[in-house]
Amino acid sequence: MAHVAAARTYLDVDGRHLSVSNLDKVLYSDGTTKHDVITYYLGVAAVLLPLLAGRPVTRKRWPNGTSQGAFFEKNVPRGTPDWVRTVTLDSPGSTKDREQITYPVLTTLADLVWMANLAALELHVPQWQVGPRGGVRAPDRLVVDLDPGEGAGLAECAEVAGVVRALLAADGLAAVPVTSGSKGLQLYAPVAATQDASVVREYAHRLAGRAAAELPDLVVTRMTKAIRGGKVLIDWSQNTAAKTTITPWSLRGRDAATVAAPRTWEELADGAALGQVHRTEVADRLATHGDLAAVLLERGARVPTR
């Protein structure tokens with residue numbers, strides 16, 4: 001068990017002796033410090049780590065806080081502890097062996113503390129896992145990203161989510177809604193890890209078109225800015241093998257320390273009251289609702305091919 005004290009520079013975390021720095025450094029304009037970030041990630045580790053298992057993690061880091069610049073990081077940084085699992089994969093879009101990236105695969109409490117100490121606030125993962133020897137497996141999740149345009153918000157996203165949920169259910173897939181901690185929300189569904197990523201992507205494309213046909217005045221499926229006012233973009237392309245999405249329970253790099261939070265469908269039914277979840281609300285939500293994303297750890301159904 002880890003014990004965090006704001007004045008300490010070393011933490012003993014499950015048998016690892018970690019050096020941490022600047023625990024009182026404010027990373028968010030709401031006053032959230034690095035100490036708070038570490039404490040948050042330790043508090044959600046039991047539900048977060050299973051969702052990260054086997055997935056190479058791309059991080060978004062804010063070394064000087066979210067009011068300053070950020071950068072995405074794929075390769076493990078210099079000084080990565082030797083106990084952190086890594087996997088080396090071909091870079092997306094490169095010819096084989098031309099360029100490779102060595103990603104961390106987070107598996108332990110100590111891994112989460114190490115990440116938090118680097119101000120890696122956002123954890124992004126693909127919809128597929130790697131095996132024990134680093135082989136890339138078929139996707140085991142489908143994600144439907146609902147992104148509101150100007151003049152739309154979570155209420156509109158919730159309305160679209162209800163339609164997408166019904167379409168997924170008709171195809172035998174169970175959806176978990178996650179308010180993104182940013183503007184919109186995602187729906188995740190476990191799928192059988194037996195189909196090529198292109199099959200899942202094309203299914204998501206058709207799914208988006210079906211939702212747009214049901215809600216033509218509310219849904220768009222193209223990113224063209226001119227058509228997005230007051231509407232919700234269904235970004236089906238997030239199922240491309242090279243892309244990543246924010247993992248449920250991850251913090252977001254906003255002004256306030258909001259979280260990509262799994263939600264109940266009852267909450268989405270009252271879309272007008274729906275808001276993003278702050279890190280300080282998560283412990284009570286876990287106590288009340290349990291792990292709403294646990295279904296993503298189950299084996300899903302195959303997606304229809306037509």
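Keep in mind that this is a model prediction, so the values were computed, not measured. Here, residue 1 is the first one in the sequence, and each next residue gets the next number. Atom set for the values below is all heavy atoms of this structure, side chains included, hydrogens, waters and symmetry mates excluded.
No chain of hydrophobic side-chain contacts below 4.5 Å, direct or via other Ile, Leu, Val, Met, Phe, Trp or Tyr residues, connects Val220 to Val160. Leu286 and Trp265 are not part of a single hydrophobic cluster, where members link through side-chain heavy atoms under 4.5 Å apart. Note on Leu233 and Leu167: separate hydrophobic clusters, where clusters join Ile, Leu, Val, Met, Phe, Trp and Tyr whose side-chain heavy atoms are under 4.5 Å apart, directly or indirectly. Hydrophobic cluster membership is shared by Trp62 and Trp114, with clusters built from Ile, Leu, Val, Met, Phe, Trp and Tyr side chains linked at under 4.5 angstrom. By the rule that hydrophobic residues join a cluster once side-chain heavy atoms approach within less than 4.5 Å of another member, Leu292 and Leu168 end up as members of separate clusters.
Side chain of Lys25 to main chain of Pro63: a donor-acceptor pair is present (N/O by atom type, distance under 3.5 Å, no hydrogens or angles). A donor-acceptor pair under 3.5 Å is absent between the side-chain atoms of Thr86 and the main chain of Thr102, judged by distance alone. Using modelled atom types, one side-chain atom of Gln195 and one backbone atom of Val303 make a donor-acceptor pair closer than 3.5 Å. With Thr66 contributing its side chain and Arg254 its backbone, the two residues share a donor-acceptor pair below 3.5 Å.
A side-chain N or O of His278 and one of Thr280 form a donor-acceptor pair less than 3.5 Å apart. One side chain, Asp140 or Gln129, offers a donor N or O that lies under 3.5 Å from an acceptor on the other. Counted by atom type alone, Tyr40 and Thr32 present zero donor-acceptor pairs between their side chains at under 3.5 Å. Thr245 and Gln127 share a side-chain donor-acceptor pair at under 3.5 Å. When only modelled atom types and interatomic distance are considered, Thr108 and Asp111 share a side-chain donor-acceptor pair under 3.5 Å.
Side-chain atoms of Pro104 and Arg59, non-hydrogen and from C-beta on, do get closer than 4.5 Å to each other. Between Leu173 and Tyr203, some side-chain heavy-atom pair lies under the 4.5 Å cut-off. Counting heavy atoms from C-beta on, the side chains of His35 and Asp24 never come closer than 4.5 Å. Taking the side chain as every heavy atom from C-beta outward, Tyr103 and Leu89 approach each other to under 4.5 Å.
Each of Arg206, Arg210, Arg302 was scored for a salt bridge (Lys or Arg N to Asp or Glu O under 4.0 Å) with Asp171, with one residue passing: Arg210.
Taking the charged nitrogens against the carboxylate oxygens, Glu122 and Arg252 do have a contact shorter than 4.0 Å, which makes a salt bridge. A salt bridge between Arg228 and Asp147 is present, with a side-chain N of the basic residue lying under 4.0 Å from a carboxylate O of the acidic one.
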Next item on the list: Mind running side-chain contact (heavy atoms from CB on, under 4.5 Å) on Val76 and Val84 for me, showing each step along the way?
Entry: CA-CA 10 Å; Val76 291; Val84 174; 5.6 Å; no
Next item on the list: Could you go through the side-chain contact (heavy atoms from CB on, under 4.5 Å) check for Val125 and Leu123 one step at a time?
Entry: CA-CA 7 Å; Val125 295; Leu123 308 177; 5.7 Å; no
Next item on the list: Show the numbers, then the answer: is there a side-chain contact (heavy atoms from CB on, under 4.5 Å) between Leu142 and Asn239?
Entry: CA-CA 6 Å; Leu142 175 146; Asn239 296 282; 3.8 Å; yes
Check: For Ser237 and His205, what are the C-alpha separation, side-chain angles and deciding distance, and is it a side-chain contact (heavy atoms from CB on, under 4.5 Å)?
Finding: CA-CA 7 Å; Ser237 71; His205 191 181; over 6 Å; no
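Distance check, rounded to the nearest 0.5 Å: CG of Leu51 to OH of Tyr188 gives 9.5 Å. Distance check: Leu207 CG to Thr221 OG1 gives 11.5 Å after rounding to the nearest 0.5 Å. Interatomic distance, Leu52 CG to Thr247 OG1, rounded to the nearest 0.5 Å: 4.5 Å.
Classified by interplanar angle (parallel below 30°, tilted 30° to 60°, perpendicular above 60°), the ring pair Phe72/His124 is perpendicular.
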